[in-house]
Amino acid sequence: MKKWKIDSWKNYPAKHIPEYPDKKELNMVLGKIKSFPPLVFAGETRHLKEQLANVVDGKAFLLQCGDCAESFAEFHPDNIRDTFKVILQMSLVLTYSASLPVVKLGRIAGQFSKPRSAPTEKKDGTELLSYLGDNINGIEFNERSREPDPKRLFKAYSQSASTLNLIRAFSHGGFADLKMVHTWNLGFIKKSPQAKKFKELEDLIADALAFMEACGINSDFNRRLKTVNFWTSHEALLLPFEESMTRVDSTTGEYHDTSAHFVWIGDRTRQLNGGHVEFCRGIENPIGIKCGPTSKPDEIMRICNVINPENEKGKITLISRFGHDNVGKFLPKLIRAVKKEGLNVVWSCDPMHGNTIKSATGFKTRPFNNVVKEVKNFFSAHQAEGSFAGGLHIEMTGQNVTECTGGAQKISDQDLSHRYHTHCDPRLNASQALELAFLISDEIKKNSQYSKNIAQAAS
Ligand code: PEP
Ligand code: CO
């Protein structure tokens, strides 16, 4: 294996990285970003890795959620707050069902760049570069906006920093206190069946807290009851930016990508001999690898070995996204290969990216039922193979959008146009996200019984 360097990825072909017309400007911007403060600190990243190691051992569950693509237009404290609220609600439902701690990881504070299925987009006879995410170019369909502009990276950095700042305040400043659980409900889902179910959970928690209080255990003495660890993640797609955010941790001499705690390699950029795998093998962050229908188990094994030669627990999360119909065809083979190779991985399910269709009304959408089916099939495949289904990876928002069809609100093809705000893929809205958490609670319960056996075997 050749020696890794912070820029050795440049010696390998790297897909989905834009050609910037003004290289000088790009280098100036990247040079400045190199001198900016890190967004996250190496000690936090190590802490997350330890928590993910617990997921490998069946002692915790991973919930990774957020936008497909964050945008400059949707940047607003209420949006951050509402997404945070729904993730806390989902995580509470999962904690309750699984009787396991939930590792909360946002697709947030840096999830901008997007790999696109086509490099260009055609409209009324005009062909322009596809929209690649707000940190690269603009979504408006005109030549100027679609040209990659390096200065957008400053805005993205600054948006990520303020988003993270608010999340840190929410996580540690009292908002996430279990006593505040009743304030996490969002106005527009208050009358939904989910809200009713969540109210039952709130009451159970209130009883448990009252009981603990009577025993002298309350949030004044136990900060675990009033704070949460909330980690950030995004796809490590735009390598020039990721490189500029990568720093040597002075306490260990190791390289950390300080743009997020966790980064993942997308399904389109996970080539064994590609730049993205090369970059990710040198950083200490936990790494996700998306596995779609085109991934060969053998190839995934090799990628895991290159990125995690020491087989460290918590380093690799395999995020499967086969599509609801395809789980049975692909996942068991992958699970068997991982078992045979003895690899330590977190298994997470992304039920979004394999279930995208075009609606009759012309919108990119995802039927809620298919999303639920993929998650259920994921759990059954793991149970049949004797492996721990450890996580979920969901594109969602706290807003009342109409982007995915179905769910309790019965969003139809015709409804999609009402509030279709996403800058890329369709997201579950708050009601659908919470509904998903409730709908899979039985699977999670079964799973947690199974996790006890794994946890016992690991200890
Ligand atoms: C994504 O997670 O937004 C994404 C593009 O996923 P995938 O690489 O799995 O297609
Ligand atoms: Co997406």
Side-chain angles (χ1 to χ4, degrees), residues 14-18 62-71 74 83 105-119 130-136 139 156 232-239 242 260 262-271 274-277 279-280 286-296 299-300 303 316-324 326-327 330-331 334 346-358 363-367 370-371 374-375 378 391-397 401 403-404 420-429 432-433:
K15 294 189 179 173
H16 296 276
I17 296 184
L62 167 68
L63 179 65
Q64 186 174 16
C65 287
D67 273 325
C68 176
E70 289 173 274
S71 68
E74 282 198 319
T83 295
L105 180 59
R107 283 177 67 113
I108 202 164
Q111 171 51 23
F112 289 101
S113 318
K114 298 310 302 172
R116 303 312 303 267
S117 34
S130 293
Y131 167 63
L132 303 169
D134 270 7
N135 63 348
I136 299 176
I139 200 162
T232 61
S233 69
H234 60 255
E235 179 172 350
L237 184 68
L238 190 61
L239 295 180
E242 300 303 334
F262 175 108
V263 290
W264 74 87
I265 307 177
D267 195 43
R268 297 166 180 83
T269 48
R270 56 165 164 68
Q271 298 74 30
H276 293 85
V277 170
F279 176 75
C280 287
I287 306 285
I289 302 167
K290 291 286 199 100
C291 306
T294 59
S295 49
K296 299 194 177 61
E299 196 183 18
I300 301 289
I303 298 170
I316 302 265
T317 298
L318 292 182
I319 308 166
S320 64
R321 29 88 79 224
F322 295 119
H324 69 286
N326 274 332
V327 176
F330 296 105
L331 187 57
L334 195 55
V346 169
W347 285 105
S348 182
C349 171
D350 165 359
M352 313 304 294
H353 290 88
N355 292 309
T356 317
I357 57 166
K358 201 164 188 174
F363 287 91
K364 217 193 221 194
T365 190
R366 289 159 173 161
N370 292 351
V371 169
E374 175 142 7
V375 179
F378 168 81
L392 279 184
H393 180 118
I394 309 288
E395 286 185 344
M396 50 67 74
T397 168
V401 297
E403 298 170 4
C404 294
Y420 195 94
H421 298 317
T422 184
H423 272 52
C424 193
D425 291 337
R427 304 160 291 181
L428 298 185
N429 66 23
Q432 291 167 325

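Being a predicted model, the structure only gives us computed values, none of them experimental. Note that ligands are numbered from 1 as they come in the structure, with each ligand's atoms numbered from 1 the same way.
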Stepwise side-chain contact (heavy atoms from CB on, under 4.5 Å) check, Trp264 with Gln64: CA-CA 11 Å; Trp264 74 87; Gln64 186 174 16; 3.7 Å; yes
Note, Leu428 side chain near Glu395 side chain (heavy atom, < 4.5 Å):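 In short, these two side chains do not touch, never coming nearer than 4.5 Å.
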Heavy-atom side-chain proximity of Thr365 to Lys358 below 4.5 angstrom: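 Not in contact.
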Test item: Asp267 side-chain N/O and Arg270 main-chain N/O as donor-acceptor pair under 3.5 Å: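 No, because the side chain of Asp267 does not come within donor-acceptor range (under 3.5 Å) of the backbone of Arg270.
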Aromatic plane relationship, His353 with His393 - under 30° parallel, 30 to 60° tilted, over 60° perpendicular: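 Correct class here is perpendicular.
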Partner residues of Glu235 under the side chain to side chain donor-acceptor pair (under 3.5 Å) criterion, sequence neighbours left out: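 Per chain and number, Glu235 pairs via side chain to side chain donor-acceptor pair (under 3.5 Å) with no residue.
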Side chain to side chain donor-acceptor pair (under 3.5 Å) involving Ser117 - partner list, sequence neighbours excluded: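 So Ser117 forms no side chain to side chain donor-acceptor pair (under 3.5 Å) with any residue.
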Between ligand 1 and the protein, give all atom pairs where both partners are nitrogen or oxygen and the distance is under 3.5 Å, as lines of names plus distance to 0.1 Å.
unit_1, atom_1, unit_2, atom_2, d
ligand 1, 2 (O), Arg107, NH1, 2.9
ligand 1, 2 (O), Arg107, NH2, 3.4
ligand 1, 2 (O), Lys290, NZ, 2.7
ligand 1, 2 (O), His353, NE2, 3.4
ligand 1, 3 (O), Arg107, NH2, 2.8
ligand 1, 3 (O), Lys114, NZ, 2.7
ligand 1, 3 (O), His353, NE2, 3.1
ligand 1, 3 (O), Glu395, OE2, 3.2
ligand 1, 6 (O), Lys290, NZ, 2.9
ligand 1, 8 (O), Asp267, N, 2.8
ligand 1, 9 (O), Lys290, NZ, 2.9
ligand 1, 9 (O), Arg321, NE, 2.6
ligand 1, 10 (O), Arg268, NH1, 3.1
ligand 1, 10 (O), Arg321, NH2, 2.9

In the protein, N/O/S atoms that are found under 2.8 Å from the Co ion (ligand 2), waters not counted: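 Listed by chain and number, the nearby protein N, O or S atoms are Cys68 SG, His353 NE2, Glu395 OE2, Asp425 OD2.
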Pair Asp425 + Lys114: basic N to acidic O under 4.0 Å: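 Looking at Asp425 and Lys114, the cut-off is not met.
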Charged N-O contact under 4.0 Å between Arg427 and Glu74: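 Answer for the salt bridge query: yes.
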